[in-house]
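If you read the sequence from its start, that first residue is 1, and numbering goes on from there.
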Amino acid sequence: MNLDHDQFLLARAQLSDIYDSLKITSFDSNPMQYLMRLDNIRTTAMTHDFIAVAEIASAFEAALHNTIKYGESKSVIENFQEILKDAIGCSSDNGEVVQSLLASVAIRIAH
């Protein structure tokens, strides 16, 4: 049995659970709780070397801080949640996938 693979699956399950709690939290009703859950995703991802997830969570948080100033949180949340879910489902050590996901973030931010 591959212990590293088991740890990877456990970390992915943990990130998925945190993601599920994030998804049921309303940013508009409780932005602080939403941001705390997003930060939990980022720190958990960094702990387990899910670099793409951590980078996307950081970009997501920055985008949400802008929505606090300027509004329009719904489209930001929908786009980033989709990308974050995809990133959690990917292998943590595949550099090409990481670059692809981060490029997707850049494209969505530009539009």
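Within the 3.5 Å criterion, the main-chain N or O of I18 finds a donor-acceptor partner in the side chain of S21.
Residues Q7 and H48 are not in side-chain contact: their nearest non-hydrogen atoms beyond the backbone lie 4.5 Å or more apart. Two residues are said to be in side-chain contact when any heavy atoms from C-beta on lie closer than 4.5 Å; R12 and F50 meet this criterion. In this structure, D39 and R42 have side chains that are in contact, with non-hydrogen atoms separated by less than 4.5 Å. Two residues are said to be in side-chain contact when any heavy atoms from C-beta on lie closer than 4.5 Å; T67 and L64 meet this criterion. Side-chain atoms of V53 and T44, non-hydrogen and from C-beta on, never get closer than 4.5 Å to each other. For the pair E78/K74, a side-chain contact is recorded, criterion being any heavy-atom separation below 4.5 Å from C-beta on. In this structure, I77 and F60 have side chains that are in contact, with non-hydrogen atoms separated by less than 4.5 Å.
Residue pairs meeting the salt bridge (Lys or Arg N to Asp or Glu O under 4.0 Å) criterion with at least one member in residues 17-34, sequence neighbours excluded, do not occur.
With values rounded to the nearest 0.5 angstrom, L84 atom CG is found 7.0 Å from L38 atom CG. D4 contributes atom CG, which lies 11.0 Å from atom CG of L9 (distance to the nearest 0.5 angstrom). L15 contributes atom CG, which lies 7.0 Å from atom CD1 of I41 (distance to the nearest 0.5 angstrom). Between S73 atom OG and F80 atom CZ the span is 13.0 Å, to the nearest 0.5 Å.
Between the side chains of N30 and S26, no donor N or O sits under 3.5 Å from an acceptor N or O.
Residues passing the side chain to side chain donor-acceptor pair (under 3.5 Å) test with T25, sequence neighbours excluded: R37.
When all heavy atoms of S29 and P31 are compared, the closest pair comes out as C-CD, 3.8 Å. A63 and V76 make their closest contact through CB-CG1, 3.7 Å (heavy atoms, listed as atom of the first residue, atom of the second, distance). Heavy-atom minimum distance, N40 versus T43: O-OG1, 3.2 Å. In terms of heavy-atom proximity, A45 sits nearest to A54 at CB-N, 3.7 Å. Listed here is the closest heavy atom pair of I88 and S16: CG2-OG, 3.5 Å. Taking all atoms of both residues into account, the shortest heavy-atom contact from I51 to M46 is CD1-SD, 4.5 Å.
The aromatic rings of F27 and Y34 lie perpendicular to each other, with more than 60° between the two planes, well past the 30° mark.
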Evaluation steps, side chain to side chain contact (heavy atoms under 4.5 Å, CB included), between K85 and Q81:
CA-CA 6 Å; K85 181 181 177 188; Q81 280 184 344; over 6 Å; no

